[in-house]
There are 2 protein chains.
Amino acid sequence: MARPKRRVERRADLVEAARRAMLQHGTSVRLNQVAEQAGLTSGAVLYHYPDLQDLLLDANRAGMERFYDGRLRAIEGLNDPAQRLIVTIASGLPIDSDDDGVRLLCELGGAAARSTVYAALLTSLYDRQVAMYQVILESGAAQGVFVLADSSLTISRNLVALEDAYGYRMMARHSNIDHDVATRLIVDYARLATAHPLPLDILTTIGNSTQKNVKQT
Amino acid sequence: MARPKRRVERRADLVEAARRAMLQHGTSVRLNQVAEQAGLTSGAVLYHYPDLQDLLLDANRAGMERFYDGRLRAIEGLNDPAQRLIVTIASGLPIDSDDDGVRLLCELGGAAARSTVYAALLTSLYDRQVAMYQVILESGAAQGVFVLADSSLTISRNLVALEDAYGYRMMARHSNIDHDVATRLIVDYARLATAHPLPLDILTTIGNSTQKNVKQT
DNA sequence: ATTGTTCTTGAATTCGGATTCAAAGAATTC
DNA sequence: GAATTCTTTGAATCCGAATTCAAGAACAAT
């Protein structure tokens, strides 16, 4: 009844299963729940990952990388700094309160306060996102398109902070804050910080290159 | 060996114990761990709170109220809008990565995505904090001290969002972001939004009316 | 097909925590 | 200080989940 794959692939399957399980049950997810998501028994999971914590860590790491890569991909090919800025802002926010990527990250906020490992992971993600914005801002400033009201570091830190916070708000299903409203709120700040009008219609013309995540069973 | 108090007081003790236990173990804290914090056995806890979830909910509610009240108290007696704004910003951030109040709130971010109750709690806290800022901004604008670059709602939402996010960053012990840095980052935004210089020395002259929370055993 | 390796199951065991409750301790009242 | 009520303990029990492992299934190589 079993059909062995390569060790690496199997572990990847488990990482994916763990990701789904954590979305449902949080960081204190049970081994059985992961096994169920994987369509296996707990013993099989343990065969590949003797320690559940390692699996959860890998799953979260993978989730973070996927999120970050998605953002990079969202602006690849775009050259206009204003467009890059707006698209990046939009890609940092969850589509809705069911958005898998952001959901997983939100689970880690509390864990980071208690675990140095998760703290390091989240901090590194934050820093990379800040750097991402800095590149956009600096290039825009160099082209004379943006006139920065503060250092690019300050503005970038604030932009990522705003994304994070509105992500949390949306996960908590705030009735007045959806993807569109949150984008506008952050862009309002970005306008002040860059002295650029940052027209939002740039977004709609592109369509959402950010793909909606599929419903999980 | 037991020394009965009034029912209400005893429950308050348990709420406090639950708060401490959650700071150590997160929202998935065990009944025994709460009992230990209370210096009781699990049976005694169950006598007052037959359902642990109710106790945790009360504890988080209490934590939120305490946090909010603290912020209100921080600006009571202050009249200068600029001073009120800066002090409010500072009071929304944790003192350091051990700050109890913010720590507890961060634990709830993940839970809110899965629980409607915690979602409602966090949303209500957010909205109240937004309203708090709106009052300050509007009164400053009415006095001609502030010239708002966006609606007071937009600015207030962003200010609270920034606090939240930097709270999370600090809880994750970001090495470059402490209370002082985070305050400056948010104030940088507030300056753009209010067209007011918002001198930070206003803070130091007051001393911190925000009391440092005591080390817990 | 046979052999050997990899993978998975299912049952047994163990572990930890939740729950229950009779008995006893501690305050209150009179 | 006796009676009453409230509170806590500690032991027993229950339950779910983690862990272990022998046995068997699935595949690869030959």
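Values below: all heavy atoms of this structure, side chains included; hydrogens, waters and symmetry mates excluded. Since this is a predicted model, take the numbers as computed values, not measurements. A, B, ... follow the sequence lines: proteins, then strands. Residue 1 opens every chain.
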Discussion item. Please check this pair: side chain of A:R20 against backbone of A:Q37, looking for a donor-acceptor N/O pair closer than 3.5 Å.
Written reply: yes
Discussion item. What is the distance, to the nearest angstrom, from the CD atom on B:E9 to the C1' atom on C:dA27?
Written reply: 13 Å
Item to complete: Measure from the side chain of B:L40, starting at C-beta and using heavy atoms only, and say which of D:dT9, C:dT19, D:dT19 lies closest.
Response: D:dT9
Worksheet item: Just how far, in rounded Å, is P of D:dG16 from CG of A:L52?
Response: 19 Å
Worksheet item: Which whole-number value in Å describes the distance from B:Q33 CD to C:dG16 C1'?
Response: 11 Å
Fill in: Nearest-angstrom distance from the residue atom CG of B:L46 to P of C:dT19
6 Å
Fill in: Nucleotide D:dG16, atom P - distance to CD of A:E36 in whole Å
15 Å
Worksheet entry | Neighbour count above 12 (heavy atom, 6.0 Å) for A:E36 CD | no
Worksheet item: Is any side-chain N or O of A:R10 closer than 4.0 Å to OP1 or OP2 of C:dT6?
Response: no
Worksheet item: Among D:dT9, C:dT19, D:dT7, which nucleotide sits nearest the side chain of B:Y47?
Response: D:dT7
Discussion item. Measuring to OP1 and OP2 of C:dT6, would you say a side-chain N or O of A:H48 lies under 4.0 angstrom away?
Written reply: no
Practice prompt. Quick one: sort the A:Y189 and B:Y189 rings into parallel, tilted or perpendicular, breaks at 30° and 60°.
Written response: perpendicular
Item to complete: Measure from the side-chain heavy atoms of A:A44 and tell me the nearest of D:dT9, C:dT8, D:dT20.
Response: C:dT8
Worksheet item: Counting side-chain heavy atoms from CB outward, which of C:dG17, D:dA17, D:dT9 is closest to B:R30?
Response: C:dG17
Worksheet entry | Gap between atom CD1 of B:I177 and atom OH of A:Y126 - 0.5 Å precision | 4.0 Å
Worksheet item: Considering only C:dG10, D:dT8, C:dT19, which nucleotide approaches the side chain of A:T41 most closely?
Response: C:dG10
Worksheet item: Rounded to the nearest Å, what distance is computed from the CG atom of residue B:L55 to the P atom of nucleotide C:dT19?
Response: 13 Å
Worksheet entry | Length of the CD-P vector between B:Q53 and C:dG17, whole Å | 16 Å
Worksheet, complete the sentence: Sorted by position of nearest nucleotide on DNA chain D, 5' first, the leading residue of A:G43 and A:V29 is A:V29
Discussion item. Rounded to the nearest 0.5 Å, what separates atom CG in B:L93 from atom NE2 in B:H179?
Written reply: 5.0 Å
Worksheet item: Is the phosphate of D:dG16, meaning OP1 or OP2, less than 4.0 Å from a side-chain N or O of A:N32?
Response: no
Fill in: Atom-to-atom span, CG of A:D51 to C1' of D:dT20 - whole angstrom
16 Å
